[in-house]
Structure formats: structure tokens, C-alpha cells
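Every chain is numbered from 1 and lettered A, B, ... according to where its sequence line falls, protein lines coming before strand lines.
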2 protein chains.
Amino acid sequence: MVSIKEVARVAGVSTATVSRYINDPKQVKQPTREKVQQAIAETNYAPNSLARNFRRGKTGVILVALPSIGTPFFADVMKGISTIAKDMHYSILIKETQLNQLTYDEYTNLVLSKQADGIILLSAIIPFATGGRQRPSSQRQAPIILSCENVTPELGRYPSVRIDNTSAAAEATDYLIKLGHSRIAFVFGLQSSTLTLDRERGYRKAMKAAKLAVADGWVTEGGLTLDGARKATRLLLSHAERPTAIFCANDEMAMAAIHEIKSANLQIPRDISIIGFDDIRYAELLDPPLTTISQPAAEIGERTMLRLSQAIDGRDIGVEPEIVPHKLVIRRSTASPAKRQ
Amino acid sequence: MVSIKEVARVAGVSTATVSRYINDPKQVKQPTREKVQQAIAETNYAPNSLARNFRRGKTGVILVALPSIGTPFFADVMKGISTIAKDMHYSILIKETQLNQLTYDEYTNLVLSKQADGIILLSAIIPFATGGRQRPSSQRQAPIILSCENVTPELGRYPSVRIDNTSAAAEATDYLIKLGHSRIAFVFGLQSSTLTLDRERGYRKAMKAAKLAVADGWVTEGGLTLDGARKATRLLLSHAERPTAIFCANDEMAMAAIHEIKSANLQIPRDISIIGFDDIRYAELLDPPLTTISQPAAEIGERTMLRLSQAIDGRDIGVEPEIVPHKLVIRRSTASPAKRQ
DNA sequence: TTGATGGGTGTAAACAATTACATCGTAGCA
DNA sequence: TGCTACGATGTAATTGTTTACACCCATCAA
């Protein structure tokens, strides 16, 4: 392992000069610069990032925690994160949380132990450590920001960048109501995800505002997975009061729902309307193309990363959520219910 | 920043003892252990990974380079990688190569400069640095392994874990031929990706073996994107000798093709058969469910990571590709061509 | 001429952990 | 009792880089 010392020896200068050359060649005079350049080439020197980061006390890493890589919507958010991260010379470390979500303290600890300079959560936080009833401690606050997700109030407030999930869901539900639907079902994701709880809240709010009843079994868990959503849909189809419209908390579940409905020889939207959430890139390729709520995924990612970098630089970014606009995208999976009631 | 030194002071022991306690408590006698434990709690000490990694000369990081996160197939490979990586206490650093692919030397340099202990490439390598005709240098070999991808022979041979893309593509094409198709088109991905070139080779081999002609324009670029594939499909549909079957180099492009074909009021498989590649999780939800080549994505990821870790540990893993089995999955997007010729 | 200024460079002290080696004490054994 | 062996702990070197500070020299103003 050839070090800066060896380069300095070969070039006949001090290590400080070599270091300066590497970090900003302008600090070194032309003739010296050439000597160093030459020596680096000769020795095949490569700067040791480990040593540099150690000395600087910065990892240059942003950790992104998400339930599962390969969710099309999150992938788009990640794109936004990457774009900005690259500009700021941060690398992206991925942590799939899957089933084992971490507590806020555990995330904080990753920063304290210098595994990352900051953390973006696309995943929910669990309130307490398994077993204990350990409250979020008042440890030194680490740069952590939530993207898309929200957090339950009892955990305290943390900065976030997201859409207003409740309003968006209410808007989607309203649209179905305006089309004339009254039997509207809702397939949510996971209980642990406040994001889908917010959406459920919006759905219920809209139903209530329209004085529409939500029958038992109309609100059901799809688990954010294809299989879960298929099962949920089958349940809804066999419901005594079969809904005329289904609102899925994300587009992938809507995809699964469409498949199940067709398999049952029902037509969309004639027999059942479907509305999704996220407007992933496959949404418009579905048959029929999916009506859904569009989120500016890349923008969310970019804003999140930007705000996080401010926090890392020591600026106070507060805890107010930064709300970005959503949009109802009307395609052909929704229509007025058939008249035969 | 509280360090091991402070803990040692508080506990009334030496730094060596604290270090030993952290790395393997069994090395420390019970009474001492308790003192250290106590001191750590008291001082709120968190080990500094930066210092540890620096001292050990290991980053604990595996870099995974891939064209674009959010490709469902790659996401599944990544799952396999993650699983093993977690077991081995490696973190996963993501590098989206997108349009700017790197040379082999550039990847090697990431290891030499201690940004990662090893690299997995799900992305192609470009032969030469932009501008120069710099050949892959004989620099010290870094632990780099290709997953899924292959590499053009002139770049030399590197270890890889993948299916036999050529055979798999030939098999898919054969299946269409056996169904009675003779006008078979092929939508490939990117020119730079040897992976899709291999598949094209398989397609051509099968066509040739069956003495079938490949008309001009039947082999066309979809660019691995939805939009690219839609455009490619439209081109094929308006071709003077319209194919009766289209083989897409991946399932996402097949998804786009299905959409376009339906938009043109043609039926699948009655008017046109479609076959994909990868068997992503959406394949069976499509309408009609997609016939495709299934790859053991997670297994590929696992094997890759396993083999890479051996290379990191200094073992010689050779350059022989590790070939895993693929499988033709027949669903309903393929059928014999309609008799009206 | 003298003193101040500042650019270019060198010296050496951090940074926080790991670990080779030394030391100490105790147990085991003859 | 005296010796060995070994387990537990301490001392201090080491890792590669950055950077505060010192130094030198040339330039320029007074």
C-alpha cells in the first residue's frame, strides 16, 4: 500500500505538499506540482479514503432505509436522492428494513458510530425497541429525515418531505363518489406504515363527508405485496355487499387487484372501478390504464436529500413537513357504476 | 466525541481492555467487564467505525453498480446479494451507472482507494476510457465480479455468475418456432450490454438452425426502457412483413409491447405472440400472463456475493462463469399463429 | 534599508482504534 | 519452595491523512 509519504519521498517534497496537491492543486506551484504528479504516476498511488474519512470525521455516506428495494415508486424517489447526492459527493448506502424495522435510537446510533453522515427513511420507524419500552432518548439529534413516510405523533416530530397523503386519498375517494359510487372499498398496506394509515384516514374522511357507510370488511390489508393484494381483492369480490369501486393504497396492489377482478370474469371499469396511488411507470401500461394519485417521486427524493445535507452541515431544518403537490391522474380504470345497481 | 480513551479512564482500565471488550467480551474477566460496561453506558460511548475501518484497512462495503435501480429483475438480484452481505457484515453501496458507465480500471480504483472491499457489476463495463484507448491495465487485480452480465472477449475474462443467456434465448425462440411461427422479431436492449447481445445471438442461432429468415428491421432496439420498447413495437407493427411473434429481451419491454399491440387493436396471442425474459413478479399479472424465461434472480445474487467474498478473502476464484439454470415459463401470451397466414 | 505582507513549503501533531509485546500475578506441578 | 505456564491487563506503536503552525524568501511600501 503506497502512501502519501512514499509519494513525498519520490517527489522530494513534504507530505503536506502532496496532500495539498491532491485536494487542490492550485495550492501548489507549477514546478512542484509536476514533480508530485510525476511521483504519483510513478508510484501508482491511490489516496486512501479510509484514512481521509477518518481524519475528516466524515463518512461521505448517506444511508437510505427502505422496506424493500424494487418498489417502483421508491426506486424513483431514490433516483432523486442519487442525483443530488452525487452532486454533493455523497454515496448511497442501502438498508432494506424488510420485516425488522429499527427504532429511532438505532438509526441515530448509525450516525453516532460514523457509519453514515445522515439517514433518509423511506421506511417507517417502530416506536420502541423490541422488548423494552424505551422511549426515544434525548441523545444528540442526528441528521435523519423521513421521505414519504410520516411518523406517529407519540414518537415526536421529525422533519419529512412528502405529499399530504390524507388529502390525496380523500381526493381520490371523492372522485369515485362524484362518479356515483357509494360502495367503495379500501385496500391498505401495512399497519406499521403511517403512510398508508394516513391514506386510510383520507378515505374515511371522504366517505364520512359524503355520508356513505363503510361496511365491515371493505377496509382490508393488502400488505403492500402482490399476493396480499390479490387475496384482499378476492375477499372483496366475495363480500355480501360487493363494492363497485376499490381504492388501493398503492399501484402495485392495484395491479394485483385488476388481475384478480379480470380472473373473476368481471370487467373494469364496467363492473368495478379501480384507483391506485403513486402513478408508477407501469400504471399507464395496465389494461385498462390506471387512474391514480401521482406523486412527484424524483422531486421528493431531491428535496429530501437537499434538506438532509443542510442538517448534516449543522443547519437547523426544523421538524415541519415539507409538503409537495400531488395530482389525481384520471385514466380508464374508473367510471360511473353500472346502472343495474 | 467520546472515545475509547475516555471510557478507559472512567472504567479505570486501559484502552486495550476496552477495545477487547468491544470486539469480544469473553477476553475480559467478569469484574472488569462490568466496569467497562458501566463506563460505556455512562459516557454514552459509540465506537467510531471510521477509526476502526481505517485501522483494519477494511471498508466493510460492497459496491453494487447497476444501470438503474428499480429494474424489478435487478432488485431481486440485489435481494440475494443483501441476504448474504448482511450475514457477512457487509454494507451495500449503490452506484447507478445510468449512461456513464465506468471502465474496469475505474472500478479497480474504487477498491484501491478503499471506497469498497469489492464490487459487483450488474452493469456492463465499457472497454476503454472515454478519449483514450487505454487498455485494461495489469494493475493489481481487485475483487470484482459480474452478475448477470458478461463481458466482451477483448476486455479479457472476469468471474461472473449468470445464466447461459444465449441458450436461454435460443430456447425461447425455438419454442415460438415449434408453435409454428416463422416471422419472429427480436427487441433487444442496449448495444453496450453484452447480456442482450448474447440473447440476440441465441435468437439468431435458433432462427438459423430452423432455416428461418430474419427480415431487415425485425431486430430492433428497445433500449431497456418502456418508451423505447413501445416505439420499437410500433415499428414492428407497421413493418411490411409484420412478425407473428415478438421476443423481447426483458419483461418490462414485453409489458410495453403488450400495451402497444393492444392499442393497435390486435389480440395477444391470437394476432401476435409475445415472449419476455426474466420472469419478473409482474409477468403473471399481465393480460395475458407473459410467457418468459425465468432466471433465479435471488440465487444469482447470493452466489455472486458468496464468490465475491471469497475473492475479498484472498482466495482465487478464477474467471470461469458460474452458470445457473434458467427455465422457460409458458403462460398465455404465446400460441400458434392464426391460420390466415 | 527596514519592516510588513503573503505565497509556498515543511514539521509534526492530531484523529480513534487495534494489537504486538511486555508485565504481573496466580495456579499447577515437581 | 521454586519453576513454568498461562490468563488478564497495560504500554505504546501503528495506520495514512489533514492541517495548525512555523519558516523562508521575495516583493513592496515607507
Q: Could you check how far CG of B/N53 sits from P of D/dT17, rounded to whole Å?
A: 16 Å
Q. Take atom NZ in B/K35; do more than 12 heavy atoms of anything else shown fall under 6.0 Å from it?
A. yes
Q. Just one of B/T59, B/L63, B/V61 clears the side-chain contact (heavy atoms from CB on, under 4.5 Å) bar with B/L110, so which one?
A. B/L63
Q. About how many Å separate OG1 of B/T43 and CZ of B/R9, when rounded to the nearest 0.5 Å?
A. 9.5 Å
Q: Nearest whole angstrom, please: distance from the P of D/dT17 to the CD of A/E6.
A: 11 Å
**Q.** Under 3.5 Å side-chain donor-acceptor pair for A/N48 and A/R55
**A.** no
Q. CG of B/L50 versus P of D/dT18: gap in Å, rounded?
A. 13 Å
Distances under 3.5 Å between protein N/O atoms and the N/O atoms of nucleotides 26-28 of chain D, please, pair by pair.
none

Q: Can you sort out the partners of A/E42 under salt bridge (charged side-chain N to carboxylate O under 4.0 Å, His left out), two or more places apart, ordered by chain and number?
A: none
Q) Can we say B/E320 and B/R157 salt-bridge, meaning some charged N sits less than 4.0 Å from an Asp/Glu carboxylate O? A) yes
Q) For residues 18-31 of chain A, which residue pairs qualify under salt bridge (Lys or Arg N to Asp or Glu O under 4.0 Å), counting only residues two or more places apart or in two chains? A) A/D24-A/K26
Q. Once you build an axis from the first five pairs and another from the last five of the helix from C/dT1-D/dA30 to C/dA30-D/dT1, how far apart in angle are they, to 10 degrees?
A. 50°
**Q.** From A/V64, A/L146, A/T304, residue fulfilling side-chain contact (heavy atoms from CB on, under 4.5 Å) relative to A/L121
**A.** A/L146
Q: Can you check each nucleotide of nucleotides 9-25 of chain C against protein heavy atoms at under 4.0 Å and return B for base, S for sugar-phosphate only, - for none, in 5' to 3' order?
A: BBBBBBBBBBB------
Q) Looking at residues at least two apart in the chain, or sitting in another chain, which of them share a ring-ring contact (aromatic ring centres under 6.0 Å, His included) with B/Y90? A) none
Q | Of B/D313, B/L308, B/I317, the residue whose pairing with B/P143 passes side-chain contact (heavy atoms from CB on, under 4.5 Å) | A | B/L308
